[in-house]
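Sequence lines set the chain letters: A, B, ... in the order given, protein chains first and strands last, and positions in each chain run from 1.
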Number of protein chains: 2
Amino acid sequence: MKTADAVLDPLADEDGGFDVYAKDCPARMVLNRLADKWALLIVKLLKGGPLRFNQLRREIEGVSQKALSQTLRRLERDGLVDRRVFATVPVTVEYSLTELGRTLAEAFEPLADWAHSHIREVLAAQSRYDAVSEAA
Amino acid sequence: MKTADAVLDPLADEDGGFDVYAKDCPARMVLNRLADKWALLIVKLLKGGPLRFNQLRREIEGVSQKALSQTLRRLERDGLVDRRVFATVPVTVEYSLTELGRTLAEAFEPLADWAHSHIREVLAAQSRYDAVSEAA
DNA sequence: CGGAATCCTGTATGATACTG
DNA sequence: CAGTATCATACAGGATTCCG
């Protein structure tokens, strides 16, 4: 395709930003990455400090080792998570947030809070909706 | 208080919240819904006022009519978006944010801002990562 | 215009097994 | 412990067609 710069420049707008609604906008790629089923959950967990692979796996109920592995690699690639290997006898791998990751974790917090505090309203809305469409 | 939801109670923790890391936690369902590729994009768009179906479709480059339709229905079901039909000659359908939806839009803003202002860092991290792994 | 129904395919995901 | 590799599949998602 194009080079990285060629992609960026035409999309940059006056305020130095990007159009999230443009197809190939990097910001949308970022958003899509964050839309990952586990990514934000992991980031939020790591806010509490470094964790090892299987610790994460135990904490996040329902994640497969494959999904966890993939998500961690993507997060590492995006510079959000740091991966450190310790040459202990059974090898130990520790994941932690980078500086960038920490800023993300903070930006995510309002959304997490929102989910937390509006679950009941959402569930109620769903029931209402289902009741109506079921009636038809 | 313990009536309707057998699902909710066992998951409620001391502070009256939910454990996002539990498999069947409603909060996680909410989060997963938000993790939808288009949901947040739509919510953000509707902050600017009501829009019709094809307006949304045009604004969000790359969304298929099916994906848009499905996402809108889900958002409506969750009580985040309001759908109003006008009996004009070619029927007009208008989508707008509900009160609940507006609170979500606000909670989302920090994350959108984050994506906006950290794209370059993420892209840089990706390049670095790819350069290294490619070297192997 | 705003969608629902159908078909069809890529990919994401999960279970299983193997390695360092 | 911390993964990768393989396979098998379910399902989201796109393209197309048709309808109120």
Side-chain angles (χ1 to χ4, degrees), chain A residues 21 23-24 28-29 31-42 45-46 49-78 81-96 129-130 132-134 136, chain B residues 23-24 28-29 31-42 45-46 49-78 81-96 129 132-134 136:
Chain A
Y21 297 102
K23 191 155 58 67
D24 294 322
R28 197 152 103 182
M29 291 173 47
L31 238 32
N32 285 171
R33 170 82 5 106
L34 301 185
D36 181 282
K37 197 175 178 184
W38 311 108
L40 288 175
L41 242 29
I42 292 175
L45 256 185
L46 291 180
L51 288 173
R52 288 178 298 106
F53 188 86
N54 282 333
Q55 284 181 323
L56 281 167
R57 207 186 157 182
R58 271 189 299 273
E59 289 290 337
I60 307 174
E61 204 177 325
V63 70
S64 71
Q65 128 275 51
K66 183 179 182 178
L68 181 57
S69 176
Q70 288 177 342
T71 305
L72 283 171
R73 241 180 300 129
R74 270 174 288 193
L75 289 174
E76 189 194 353
R77 177 168 183 264
D78 291 346
V81 157
D82 193 31
R83 180 178 183 272
R84 299 179 65 182
V85 183
F86 297 92
T88 53
V89 173
V91 63
T92 300
V93 181
E94 210 179 69
Y95 292 93
S96 58
Y129 185 95
D130 293 346
V132 172
S133 41
E134 185 180 327
Chain B
K23 191 156 55 68
D24 295 322
R28 197 151 105 181
M29 291 173 48
L31 237 31
N32 284 170
R33 168 86 1 108
L34 302 184
D36 182 281
K37 196 175 177 184
W38 311 108
L40 288 175
L41 243 29
I42 293 176
L45 256 185
L46 292 179
L51 288 174
R52 287 179 299 106
F53 189 85
N54 282 334
Q55 284 182 323
L56 281 167
R57 207 185 157 181
R58 271 188 300 273
E59 289 290 337
I60 307 175
E61 204 178 325
V63 70
S64 71
Q65 134 276 39
K66 183 180 182 177
L68 181 56
S69 177
Q70 288 176 342
T71 306
L72 283 171
R73 244 180 298 130
R74 268 172 290 193
L75 289 174
E76 189 193 354
R77 177 167 184 264
D78 291 346
V81 157
D82 194 31
R83 180 178 183 271
R84 298 181 63 183
V85 182
F86 297 92
T88 53
V89 173
V91 63
T92 300
V93 182
E94 210 178 69
Y95 292 93
S96 58
Y129 184 95
V132 173
S133 39
E134 185 180 324

Quiz item: Below 4.0 angstrom from OP1 or OP2 of C/dG2, is there any side-chain N or O of B/Ser69?
Solution: no
Quiz item: Base, sugar-phosphate alone, or nothing: which one does A/Arg57 contact when heavy atoms must sit under 4.0 Å apart?
Solution: nothing
Quiz item: Would one find a side-chain N or O of B/Arg73 under 4.0 angstrom from OP1 or OP2 of C/dG3?
Solution: no
Quiz item: So what does A/Tyr95 hit on the nucleic acid, given a heavy-atom distance under 4.0 Å: a base, only sugar-phosphate, or nothing?
Solution: sugar-phosphate
Exercise. Scan nucleotides 11-16 of chain C nucleotide by nucleotide, 5' to 3', and note B when protein non-hydrogen atoms come under 4.0 Å of the base, S if they reach only the sugar-phosphate, - if neither.
Key: --BBBB
Practice problem: Specify the separation, in whole Å, of atom CZ of B/Arg83 and atom P of C/dA4. | Solution: 7 Å
Quiz item: In terms of side-chain heavy atoms of B/Val91, which of C/dA4, D/dG20, D/dA2 is nearest?
Solution: D/dG20
Quiz item: Would you say a side-chain N or O of A/Thr92 is under 4.0 Å from OP1 or OP2 of D/dA2?
Solution: no
Quiz item: Of the options B/Asp82, B/Leu45, B/Leu46, B/Ile42, which is the one that meets B/Tyr95 in a side chain to side chain contact (heavy atoms under 4.5 Å, CB included)?
Solution: B/Leu46
Quiz prompt | Close side-chain approach of A/Leu68 and A/Gln65, heavy atoms under 4.5 Å | solution = no
Practice problem: Measure the CZ-OH distance between B/Arg58 and A/Tyr21 for me, rounded to the nearest 0.5 Å. | Solution: 15.5 Å
Quiz prompt | D/dA2 phosphate, OP1 or OP2, under 4.0 Å from A/Arg52 side-chain N/O | solution = yes
Quiz item: Is B/Leu72 close to B/Arg83 at the side-chain level, that is, under 4.5 Å between some pair of heavy atoms?
Solution: no
Exercise. Could you tell me the separation between the CZ atom of B/Phe53 and the P atom of D/dC19, rounded to a whole number of Å?
Key: 19 Å
Exercise. Check every strand shown and say whether A/Val93 touches a base, only sugar-phosphate, or nothing at a heavy-atom separation below 4.0 Å.
Key: sugar-phosphate
Quiz item: When the distance from CG of A/Leu51 to P of D/dA2 is rounded to whole Å, what number comes out?
Solution: 11 Å
Self-check item: Whole-Å gap separating P (D/dG3) and CZ (A/Arg84)
Solution: 15 Å
Self-check item: Nearest-0.5 Å distance, CG of residue B/Asp36 to CG of residue B/Leu75
Solution: 7.0 Å
Practice problem: Check the distance between D/dC1's C1' and A/Glu94's CD and give it to me in whole angstrom. | Solution: 14 Å
Quiz item: Rounding to a whole Å, what distance do you find between B/Leu72:CG and C/dG3:P?
Solution: 7 Å
Quiz item: What heavy-atom pair brings A/Arg57 and A/Val63 nearest, and what distance separates the two atoms?
Solution: NE-O, 4.0 Å
Exercise. When you get a sec, tell me which of D/dT4, D/dC1, C/dA4 is the closest nucleotide to the side chain of A/Pro90?
Key: D/dC1
Quiz prompt | Contact check, side chains of A/Arg73 and B/Tyr129, non-hydrogen atoms, under 4.5 Å | solution = yes
